[in-house]
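Below: one structure, written as structure tokens.
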Amino acid sequence: LSVGVPKEVYPGERRVAVTPANVVVLLKKGYSKVLVERGAGAEADFLDEAYTKAGATLVDGPQSIWSQADIVLKVRGPALEEVEHIKEGQTIISLLQPAQNKELVQKIADRKATSFAMDMIPRISRAQVFDALSSMANIAGYKAVLEASNVFGRFLTGQVTAAGKIPPCKVLIIGAGVAGLSAIATARRMGAIVRGFDTRPAAKEQVQSLGAEFIEVEIEEDGSGAGGYAKEMSKEFIEAEMKLFKEQAREVDIIITTALIPGKPAPKLIKMDMLDVMKPGSVVVDLAAEAGGNCEATKKGEMTTYNDVKIIGYTDLPSRLPTQSSTLYSNNITKFLLSMAPKEKEFGIDLSDEVVRGAIVTQKGDILPPAPRPPPP
Ligand code: NAD
């Protein structure tokens, strides 16, 4: 079997699906060829020479990949211009987001190709090694703090210097999932005072173990939903939460929001009146920008300023740390592929495997309905 790695075509995308280190792994496991498009890793600092040294076959242009490879590994789902090149029976693994890309899924099925969505891999213990959403969320949380600190006018840490005492900056992180916890850890390492909030009670201990304070509302309502994800909260809870955030907004310098509910638009938690009470020079980073944003003023993909508060709505944070995100994504996707085809010449698609069934979107010409999700833990 041959594997193909085209250069990503999505504007601004700097990641590459497979790094040279994983080319070595695939060849060692018996894949006949790893075809890599010239320049595919350049923006992530994986240069063509490194791929050649790893044993990859470099090719010019995407056509040679799509026409030759049995399995194509990508970061983003295929673009329309790529779909044209898909050949019958080909397998494509990428962050496909099938629910948001129904037309694309239909087109892939029309080409009679098999496709897997890395973002649909069930989040069970066994599948953690394939969990690209967690890998990317970890990076997004880290980078969110760096982006905030880049436009924030002071240190994050406190210092006592000859020129005066500097108080530490205060950071509030809303949503303590994978990205939120990563942001908490990063802001703590940079010396900030950090507070965290989440609707799931399980988050409390995790926030505290990172040296941050867990802030709470008086209402008792468990926000844990199916599969460890959050559920939508009652109106009363959201109101209490927003009251708490308004008090916090007066005090903190940086707010990073990460609140998401699967399949729903992101809850709007930071309203204009909260931005009104923030100090001049404060920063909000909205990691939910892609899903509509947690902050009312967020502009998707951009940084805007309101009342001298900067609001960052970048949706490409993993791609802004391209070497790291490519390394982790490449490990995730390579291990996922090897779990289905460890050595064999034939791909073994075992639909009774919960992980395979969860991630598969099309099989030859058929669109498979989404796999049932596990009940709440
Ligand atoms: P996510 O990105 O879907 O959501 C981010 C956070 O926002 C969640 O913690 C959620 O509780 C929170 N949130 C939702 N509504 C909110 C509101 N109104 N106010 C404040 N916060 C709100 O979540 P995620 O990072 O993908 O992780 C969700 C859960 O899944 C976590 O418990 C995580 O530990 C778990 N997880 C398990 C595995 C695994 O077992 N393989 C892998 C990854 C994540």
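Note that ligands are numbered from 1 as they come in the structure, with each ligand's atoms numbered from 1 the same way.
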Are more than 12 heavy atoms, taken from residues, nucleotides or ligands other than [X], located less than 6.0 Å from that residue's [atom1] atom?
X: E220; atom1: CD; answer: no
X: Y314; atom1: OH; answer: yes
X: K87; atom1: NZ; answer: yes
X: K33; atom1: NZ; answer: no

Would G177 count as a polar contact of ligand 1, with the cut-off being nitrogen or oxygen pairs under 3.5 Å?
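Min N/O separation from ligand 1 is below 3.5 Å for G177.
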Could you tell me whether some N/O pair between Y229 and ligand 1 is separated by less than 3.5 angstrom?
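Checking ligand 1 against Y229, no N or O pair falls under 3.5 Å apart.
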Residue and atom name of the nearest protein heavy atom (relative to [atom]), distance in Å to one decimal:
atom: atom 37 (C) of ligand 1; answer: R123 CB, 4.4 Å
atom: atom 41 (N) of ligand 1; answer: Q128 CG, 3.1 Å
atom: atom 22 (C) of ligand 1; answer: A259 CB, 3.5 Å
atom: atom 2 (O) of ligand 1; answer: L260 CD1, 3.6 Å
atom: atom 30 (O) of ligand 1; answer: G228 O, 3.7 Å
atom: atom 33 (C) of ligand 1; answer: V178 CG2, 4.5 Å
atom: atom 20 (C) of ligand 1; answer: E241 OE2, 3.3 Å
atom: atom 43 (C) of ligand 1; answer: S134 OG, 3.0 Å

Atom indices of ligand 1 within 4.0 angstrom of [X] heavy atoms, with elements:
X: T199; value: 11 (O), 13 (N), 16 (C), 17 (C), 18 (N), 19 (N), 20 (C), 21 (N), 22 (C)
X: F197; value: 19 (N), 20 (C)
X: T258; value: 4 (O), 5 (C), 6 (C), 7 (O)
X: A230; value: 10 (C), 11 (O), 14 (C)

Would [X] count as a contact of ligand 1 if the rule is a heavy atom under 4.0 Å away?
X: I238; value: yes
X: A137; value: no
X: G180; value: no

Are [X] and [Y] linked by a side-chain donor-acceptor pair shorter than 3.5 Å?
X: N22; Y: N331; answer: yes
X: S134; Y: R123; answer: yes
X: S115; Y: T362; answer: yes

In the single-linkage hydrophobic clustering (I, L, V, M, F, W, Y; side-chain heavy atoms under 4.5 Å), do V5 and V24 co-cluster?
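No: no chain of side-chain contacts under 4.5 Å links V5 to V24.
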Interatomic spacing from CD in E296 to CG in L269 - rounded to 0.5 Å
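Interatomic distance, E296 CD to L269 CG, rounded to 0.5 Å: 10.5 Å.
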Only heavy atoms count here, so choose which of D198, T257, V217 is nearest to atom 11 (O) of ligand 1.
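Considering heavy atoms of D198, T257, V217, the nearest to atom 11 (O) of ligand 1 sits in D198.
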Proximity winner for atom 31 (C) of ligand 1, if only heavy atoms of M242, K268, R200 are counted
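The residue whose heavy atom sits nearest atom 31 (C) of ligand 1 is R200.
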Option from K310, R195, K170, K279 for which salt bridge (charged side-chain N to carboxylate O under 4.0 Å, His left out) with D253 holds
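Testing D253 for a salt bridge (charged side-chain N to carboxylate O under 4.0 Å, His left out) against K310, R195, K170, K279 leaves exactly one candidate, K279.
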Can you name the one residue among K74, R14, R76 that meets salt bridge (charged side-chain N to carboxylate O under 4.0 Å, His left out) with E8?
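Exactly one pass, corresponding to K74.
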Under 4.0 Å and counting heavy atoms only, is there anything from the protein next to [atom]?
atom: atom 6 (C) of ligand 1; value: yes
atom: atom 35 (C) of ligand 1; value: no
atom: atom 9 (O) of ligand 1; value: yes

Per-residue contact class, A176 against ligand 1 - non-hydrogen pairs under 4.0 Å:
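The answer is the backbone of A176.
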Stepwise salt bridge (Lys or Arg N to Asp or Glu O under 4.0 Å) check, K271 with D273:
CA-CA 5 Å; K271 303 269 186 172; D273 63 319; over 6 Å; no
Output, in order, the C-alpha distance, side-chain angles, deciding distance and verdict of salt bridge (Lys or Arg N to Asp or Glu O under 4.0 Å) for K243 and E239.
CA-CA 6 Å; K243 191 163 162 265; E239 273 166 14; over 6 Å; no
State, to 0.1 Å, how close I255 and V252 come at their nearest heavy-atom pair, and which atoms those are.
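Closest approach of I255 to V252: CG1-CG2, 3.6 Å.
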